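Below is one structure, written out as structure tokens, with a few remarks after it.
Owing to the predicted nature of the structure, the values given are computational and were not obtained by experimental measurement. As the structure lists them, so they are numbered: ligands from 1, and atoms in each ligand from 1.
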Amino acid sequence: MADPSPKPVPLLKDQLDIVIPTIRNLDFLEMWRPFFEQYHLIIVQDGDPNKTIRVPEGFDHELYNRNDINRILGPKANCISFKDSACRCFGYMVSKKKYIYTIDDDCFVAKDPSGKDINALEQHIKNLLSPSTPYFFNTLYDPYREGADFVRGYPFSLREGAPTAVSHGLWLNIPDYDAPTQLVKPRERNTRYVDAVLTIPKGTLFPMCGMNLAFDRELIGPAMYFGLMGDGQPIGRYDDMWAGWCVKVICDHLGLGVKTGLPYIWHSKASNPFVNLKKEYKGIFWQEEIIPFFQSATLPKDCTSVQNCYIELSKQVKEKLGAVDPYFNKLADAMVTWIEAWDELNNSSEESSSKQEPNGAAK
Ligand SMILES: O=c1ccn([C@@H]2O[C@H](COP(=O)(O)OP(=O)(O)O[C@H]3O[C@@H](CO)[C@H](O)[C@H]3O)[C@@H](O)[C@H]2O)c(=O)[nH]1
Ligand SMILES: [Mn+2]
């Protein structure tokens, strides 16, 4: 007998890839199975490429390890971090879909105050498919949400909003604190569920965490370069921050929106604060110069694509941050290599896409 009530097709089923960086295992996917099983996964295996990462049965996926990254990008692979979660951005580059959701392998399904499992992916999709309000703050939060609207005094000329490029989700349990805060408050847990989605106003930067993040790859993908970290680099755990600062400057310039708030995931693992302090140390004082740089960064009117905005930004990084530390010259060059690799893979002929086949288990 035909199934009386066929399962609804998940939103954006064939237009969204889920990108997961991992050095661990992927058992966490069992908890996400009801929400993720219908989507295609791109697993970026970091660390030793000879280690076998088992992907739970039933997940349509492609898996890339460091050998694949080197084979596909050749010398340009040097812009993809090694031994750092920043490697995940390779997944953004090889995807062919309009939307990306990226999640860490120690993030689990959280429950809302009613005790219901949160389908984080569904909420991110809602965030991305509805406009943002970067030009005028709506005090009743997301005006496009069921049961809310624009409040009195909100200009009608601005109610159409702006296309949403990024949806930044949050975390219950282990908050994404920097090492000093983690050291001072080792037992602090985030138990506060705030039922809101906010647009980050134009001209305001924010600390983008890559743990629970979705974006429109066609609108902003080329700017989602997770900066050069990990092996051989003087800094770590600033990959997502770097991407967020570049992305926000470019979104402001191109009239795109960035949202933060719902959905929550349950972040289960506190990474070692002493290891984190070593990774973050230089970033903690460099960012006092980096932030003013991004706050004052302006892009010329003739920068109309993400790629040429990003190249322009890389030039300014070299000019204005190169004096802070030679690392920023290397990072500026890596930003250019990233765009070259992105364009090679994404504006490429059939030939290079065959080159793109992963060695890992592709289903
Ligand atoms: O060398 C590595 C280390 C880790 N990974 C994978 O990346 C994510 C995050 O790793 P982890 O949970 O250990 O790190 P956190 O401190 O909790 O993560 C926060 O810092 C950011 C890293 O810059 C991250 O976005 C934040 O969530 C896991 O999937 C690891 O398996 C890796 O690939 N390589
Ligand atoms: Mn974690």
Side-chain angles (χ1 to χ4, degrees), residues 18-29 31-32 36 41-49 51 53-55 61 63-66 68-69 80-92 100-108 110 120 166 168-183 185-186 188-190 206-215 224-245 247 260 263-284 287 331 360:
I18 299 174
V19 175
I20 304 166
T22 189
I23 43 166
R24 302 181 178 122
N25 63 67
L26 297 169
D27 298 347
F28 85 117
L29 285 173
M31 194 173 191
W32 288 103
F36 287 4
L41 309 184
I42 296 180
I43 315 288
V44 183
Q45 175 186 340
D46 193 18
D48 179 2
K51 185 181 161 197
I53 297 276
R54 191 187 68 81
V55 181
H61 69 276
L63 184 145
Y64 295 93
N65 61 29
R66 194 67 205 187
D68 297 315
I69 295 172
I80 303 296
S81 298
F82 183 55
K83 296 190 179 169
D84 188 284
S85 67
C87 65
R88 73 174 86 212
C89 62
F90 179 75
Y92 311 157
I100 294 285
Y101 175 51
T102 189
I103 182 170
D104 290 2
D105 61 16
D106 63 343
C107 295
F108 293 85
V166 179
H168 178 263
L170 297 173
W171 345 271
L172 291 172
N173 194 37
I174 309 286
D176 189 21
Y177 284 165
D178 52 48
T181 308
Q182 248 188 307
L183 284 166
K185 304 171 120 180
E188 185 149 296
R189 297 293 179 265
N190 182 29
F206 76 113
M208 187 175 82
C209 169
M211 209 189 300
N212 171 23
L213 179 74
F215 59 90
M224 273 287 178
Y225 174 51
F226 276 36
L228 208 47
M229 305 278 144
D231 202 34
Q233 308 305 334
I235 184 175
R237 288 169 56 84
Y238 272 84
D239 51 310
D240 38 7
M241 300 297 144
W242 184 262
W245 297 329
V247 157
T260 186
Y264 284 89
I265 50 85
W266 180 269
H267 185 208
S268 72
K269 231 176 151 57
S271 40
N272 183 307
F274 294 100
V275 171
N276 290 347
L277 186 57
K278 255 176 91 180
K279 291 180 178 179
E280 292 170 11
Y281 164 64
K282 289 191 171 177
I284 291 174
Q287 71 185 10
L331 182 55

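- Look at His267 and the Mn ion (ligand 2): an N/O/S atom of the residue is under 2.8 Å from the metal.
- Residue-ligand proximity: Arg88 is placed with a non-hydrogen atom under 4.0 Å from ligand 1.
- Residue contacts with ligand 1 for Asp239 involve side-chain atoms from C-beta outward but no N, CA, C or O (heavy atoms, distance under 4.0 Å).
- Protein heavy atom closest to atom 16 (O) of ligand 1, with residue, atom name and distance, is Arg237 NH1, 2.4 Å.
- Considering CG of Asn65 and CD1 of Ile43, their distance stands at 12.5 Å, rounded to 0.5 Å.
- The only member of Asp105, Asp46, Asp104 that meets side-chain hydrogen bond (donor to acceptor under 3.5 Å, both in side chains) when paired with Arg24 is Asp105.
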Item to check | Test log, rule ring pair (Phe, Tyr, Trp, His ring centres under 6.0 Å), inputs Tyr225 and Tyr92 | outcome: CA-CA 9 Å; Tyr225 174 51; Tyr92 311 157; over 10 Å; no

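- At a threshold of 4.5 Å between non-hydrogen side-chain atoms, the residues Cys89 and Met224 do not count as touching.
- When heavy-atom distances to ligand 1 are checked against a 4.0 Å cut-off, Asp240 comes that close only through its side chain, counted from C-beta outward.
- The distance from ligand 1 to the heavy atoms of His267 drops below 4.0 Å at these ligand atoms: 17 (O).
- Polar contact check, Cys209 against ligand 1: no nitrogen or oxygen pair lies under 3.5 Å apart.
- Within the set Ser271, Gly230, Ser85, the minimum heavy-atom distance to atom 14 (O) of ligand 1 is found for Ser271.
- Counting protein heavy atoms only, atom 33 (O) of ligand 1 is closest to Asp46 CB, 3.4 Å.
- Evaluated by nearest non-hydrogen atom to atom 13 (O) of ligand 1, the leading choice among Met229, Met208, Arg24, Lys83 is Arg24.
- Proximity annotation for atom 29 (O) of ligand 1: of Pro21, Ala270, Cys87, Pro21 comes nearest, heavy atoms only.
- Proximity annotation for atom 28 (C) of ligand 1: of Asn276, Asp231, Asn212, Asp105, Asp105 comes nearest, heavy atoms only.
- In terms of N/O distances under 3.5 Å, ligand 1 is not approached by Asp176.
- By the 4.5 Å heavy-atom criterion applied to side chains, Leu277 and Gln182 are not counted as neighbours.
- Evaluated for a side-chain contact (heavy atoms from CB on, under 4.5 Å) with Tyr238, the options Met229, Lys282, Lys279 yield exactly one hit, Met229.
- Among protein heavy atoms, atom 27 (O) of ligand 1 sits closest to Asp104 OD2, 2.6 Å.
- Heavy atoms only, all atoms of each residue included: Glu188 and Pro175 are closest at O-CD, 3.8 Å.
- Summary: OD2 is the N/O/S atom of Asp106 found nearest to the Mn ion (ligand 2).
- Near Asp106, the atoms of ligand 1 lying under 4.0 angstrom from a non-hydrogen atom of the residue are 12 (O), 17 (O).
- Looking at Tyr264, Trp171, Tyr101 one by one, the single match for side-chain hydrogen bond (donor to acceptor under 3.5 Å, both in side chains) with Asn212 turns out to be Tyr101.
- Nearest non-hydrogen protein atom to atom 3 (C) of ligand 1 is Ile23 CD1, 3.5 Å.
- Residues Thr102 and Pro21 share a closest heavy-atom pair of OG1-CD, 4.3 Å.
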Item to check | His267 and Asp106: CA distance, side-chain angles, deciding distance, side chain to side chain donor-acceptor pair (under 3.5 Å) verdict | outcome: CA-CA 6 Å; His267 185 208; Asp106 63 343; 2.9 Å; yes

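- Here the closest heavy-atom approach between residue Arg66 and residue Ser81 is recorded as NH1-O, 3.0 Å.
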